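For reference, the structure is listed below as structure tokens.
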Amino acid sequence: MYSSAYVWAKVLSHMEERLGAVTVSAWFDDAEVVELNEEHLILYSSSDFRREIIRRRCTEYIQDALKEIFNSDAKLIVYGDEELSAFKSKGKTLTAMDFNPQFSFDNFVVGPSNRFAHGAAMAVTNHPGQVYNPLFIYGPAGVGKTHLLYAIANGVRRQKSDANIVYIKGDEFTNELISAIRSGKNVEFRSKYREADLFLIDDIQFIAGKESTQEEFFHTFNKLYEEHKQIVMTSDRKPSDMLTLENRLKTRFEWGLLADIQPPDYETRMAILKNKASSLGLQLSDDVCNYIAINVTNNVRQIEGTVKKILAYRDLNDMPLDLPNISRAIDDMFKSEGSALPTPSLIISQVCKFYSIDEAVLRGTLKNKGTTEARQVAIYLIRKLTNLSLPDIGKEFSRDHSTILYAIRKVEVSLQSGNATLQNNIRDITANINSCL
């Protein structure tokens with residue numbers, strides 16, 4: 001039986017061949033598999049805009065891929081926040097760990113760049129709440145932070161099957177808090193997190209700069225810590241580098257142990273390559289592995305993406321996996337240091353995460369203070385970080401050249417006048433964008 005993660009990876013690879021990698025990344029960046037069985041594939045996306053795109057434009061592609069690759073007649077269902085909450089209320093406990101059982105300590109490749117973090121994660125798994133509490137794992141995107149987070153959860157679950165394990169991403173914690181405030185369910189929200197035996201929060205950097213979220217997290221952290229419940233956080237940077245994070249949270253994050261993970265060295269990349277290829281049923285020669293390991297150096301996720309593309313190449317082209325064929329198949333994935341530019345979609349998604357605004361709202365016409373600032377920041381960053389012209393930026397927001405220029409100048413004037421809050425916000429958002437490249 002294939003895991004849902006494996007099936008979804010194959011479906012995405014299949015769609016990339018038809019729609020292009022950039023398009024698939026833009027539409028499915030935040031999509032998560034909720035459930036997969038013979039009858040249906042349930043996806044979740046927090047974005048109204050992306051859900052509509054997936055339902056309207058991609059249902060046929062996804063169902064065709066399932067049929068062609070796995071001979072499955074599963075139908076696609078796409079959930080938003082309300083549907084996901086209803087699904088959970090029926091007794092389904094959804095965490096990323098339930099759908100990623102392959103993330104364990106056994107298949108985590110240990111090397112010099114991650115040995116310290118791996119050892120710390122093992123320690124808190126064996127003695128939750130007793131050592132290294134909280135454990136704060138930080139490093140650039142795609143180096144294995146989330147793998148360790150899931151491995152801790154799976155390890156604790158094996159030792160204590162009734163442990164109350166709660167997993168959440170930083171931006172989702174904010175979204176749930178907003179939803180709880182609107183619906184008057186603050187008590188239920190607090191109970192969910194403050195009664196955890198193991199509290200795992202991924203990408204904690206996204207709560208920085210959000211006053212209500214930081215206040216809520218502060219009290220949640222205190223209660224769990226005082227009751228000796230294990231807290232594990234991941235981030236793309238250490239607490240002291242989160243410019244808009246409250247000092248009282250920075251000090252608490254540093255109470256336990258800070259463990260960094262760096263991009264893997266050559267030997268570790270080779271081991272990761274061979275492990276991943278073996279798990280997907282690929283036999284790659286040493287010269288092919290060497291070629292990939294030399295050229296793909298940024299992170300583990302890029303290595304895994306390369307292997308998945310090779311798998312799709314083999315299945316769709318039925319050609320031998322020798323070095324000439326492999327080099328033609330994956331050369332477009334190799335980027336020189338500093339050559340990658342963020343896409344407008346990536347910038348917009350990170351601005352929306354930071355300001356807790358839906359993409360459809362950001363691209364729309366709503367003009368309250370928070371939305372206007374977020375929209376102007378997104379326009380300013382697209383101009384600053386990409387090569388797009390003012391008219392091209394205007395197309396992203398359905399606005400004319402003069403409106404785009406006005407937004408950019410508004411941000412520039414505010415920055416020049418010494419608006420420290422805006423300066424810090426833009427620094428944090430830019431760091432979030434860079435961590436995704």
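Remember, predicted model here, so these are calculated numbers, not experimental data.
- Not a single donor-acceptor pair under 3.5 Å links the side chain of Asn424 to the backbone N or O of Met242.
- Side chain of Thr234 to main chain of Asp203: a donor-acceptor pair is present (N/O by atom type, distance under 3.5 Å, no hydrogens or angles).
- Defined by atom type and a distance below 3.5 Å, a donor-acceptor pair is missing between the side-chain atoms of Asn133 and Tyr225.
- Looking at Arg269, its side chain does come within 3.5 Å of a backbone N or O of Ala293 through a donor-acceptor pair.
- Between Phe28 and Trp8, a ring centre-to-centre spacing shorter than 6.0 Å is recorded.
- Heavy-atom contacts from other residues, nucleotides or ligands closer than 6.0 Å to CD of Glu188 number more than 12.
- Salt-bridge annotation for Glu176 and Lys192: present, with a side-chain N of the basic residue lying under 4.0 Å from a carboxylate O of the acidic one.
- In this structure, the side chain of Thr59 engages the main chain of Arg55 through a donor-acceptor pair within 3.5 Å.
- To the nearest 0.5 Å, the span separating CD1 on Ile347 from CD1 on Ile429 amounts to 10.5 Å.
- Under the 3.5 Å distance criterion, the side-chain polar atoms of Arg383 are matched with a main-chain donor or acceptor of Leu388.
- Closest non-hydrogen pair, Ser349 versus Arg50, comes out as CB-NH2, 3.6 Å.
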Apply the test side-chain hydrogen bond (donor to acceptor under 3.5 Å, both in side chains) to residues Thr371 and Asn368: give CA-CA distance (whole Å), side-chain angles for both, the deciding distance (0.1 Å), then the verdict. CA-CA 6 Å; Thr371 303; Asn368 61 46; 2.8 Å; yes
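- Between Asn432 atom CG and Phe206 atom CZ the span is 4.0 Å, to the nearest 0.5 Å.
- Within 6.0 Å of CZ in Arg182 there are 12 or fewer heavy atoms belonging to other residues, nucleotides or ligands.
- Judged by distance alone, the side chains of Thr174 and Ser356 never bring a donor and an acceptor atom under 3.5 Å apart.
- Classification of Arg248 and Glu246 as a salt-bridged pair holds, one side-chain N sitting under 4.0 Å from a carboxylate O.
- Arg51 and Glu83 are not joined by a salt bridge, as no carboxylate oxygen comes within less than 4.0 angstrom of a charged side-chain nitrogen.
- For the residue pair Asp265 / Thr268, a side-chain donor-acceptor distance below 3.5 Å is found, with atom types taken as modelled.
- With hydrogens and angles ignored, the 3.5 Å screen pairs no side-chain donor or acceptor of Asn126 with any backbone N or O of Ala123.
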Could you go through the side-chain contact (heavy atoms from CB on, under 4.5 Å) check for Val411 and Ile426 one step at a time? CA-CA 10 Å; Val411 175; Ile426 289 177; 3.8 Å; yes
Show the numbers, then the answer: is there a side-chain contact (heavy atoms from CB on, under 4.5 Å) between Arg252 and Phe218? CA-CA 9 Å; Arg252 279 162 175 78; Phe218 172 77; 3.1 Å; yes
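- Residue pairs satisfying the ring-ring contact (aromatic ring centres under 6.0 Å, His included) criterion with at least one member in residues 108-127, sequence neighbours excluded, are listed as follows: Phe105-His118, Phe108-His118, Phe108-His147.
- Applying side chain to side chain contact (heavy atoms under 4.5 Å, CB included) to Val124 and the options Val156, Ile152, Ile231 leaves one that passes, Ile152.
- Using a distance-only test at 3.5 Å, with no hydrogens or angles considered, a donor-acceptor pair links the side chain of Lys210 to the main chain of Phe354.
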Under the side-chain contact (heavy atoms from CB on, under 4.5 Å) rule, what do Val33 and Leu43 come out as? Steps first, then yes or no, please. CA-CA 5 Å; Val33 177; Leu43 293 180; 4.0 Å; yes
Applying salt bridge (charged side-chain N to carboxylate O under 4.0 Å, His left out), run through Glu254 and Lys238 and close with a yes or a no. CA-CA 9 Å; Glu254 295 170 347; Lys238 57 188 176 181; over 6 Å; no
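- A 6.0 Å sphere centred on NZ of Lys185 holds no more than 12 heavy atoms belonging to other residues, nucleotides or ligands.
- By the 6.0 Å and 45° rule, Arg18 does not stack over the aromatic ring of Tyr61.
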Using the rule given for salt bridge (charged side-chain N to carboxylate O under 4.0 Å, His left out), can you reason through Lys369 versus Glu373, listing the C-alpha separation, both sets of side-chain angles and the distance that settles it, and then say yes or no? CA-CA 6 Å; Lys369 181 179 178 181; Glu373 178 180 312; over 6 Å; no
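- Taking 4.0 Å as the cut-off between side-chain N and carboxylate O, Glu216 and Arg190 count as a salt-bridged pair.
- With hydrogens and angles ignored, the 3.5 Å screen pairs no side-chain donor or acceptor of Arg157 with any backbone N or O of Gly155.
- The aromatic rings of Phe217 and Phe253 sit perpendicular, their planes meeting at an angle over 60°, well past the 30° parallel limit.
- Note: Asn425 CG to Arg427 CZ = 10.5 Å, rounded to the nearest 0.5 Å.
- There is no side-chain donor-acceptor pair under 3.5 Å between Asp241 and Tyr138.
- Of the possible donor and acceptor atoms, one in the side chain of Arg375 sits under 3.5 Å from a partner among the backbone N and O of Leu362.
- For Phe221 and Phe199, the ring centers are positioned 6.0 Å apart or more.
- Sorted by first then second residue, the side-chain hydrogen bond (donor to acceptor under 3.5 Å, both in side chains) pairs that include residues 406-415, not counting sequence neighbours, are Ser414-Asn419.
- With respect to the salt-bridge test (charged N to carboxylate O, under 4.0 angstrom), the residues Lys145 and Asp260 do not qualify.
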Test log, rule side-chain contact (heavy atoms from CB on, under 4.5 Å), inputs Val232 and Gln230: CA-CA 7 Å; Val232 185; Gln230 182 66 52; 4.0 Å; yes
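- For Tyr132, the OH atom is loosely surrounded, since the number of other residues' heavy atoms within 6.0 Å does not exceed 12.
- Scanning all heavy atoms of the two residues, the minimum distance from Ala196 to Leu224 falls at O-CD2, 3.4 Å.
- A salt bridge links Glu32 with Lys169; the closest basic N to acidic carboxylate O contact falls under 4.0 Å.
- Residue-environment remark: NE2 (His228) stays at or below the threshold of 12 foreign heavy atoms within 6.0 Å.
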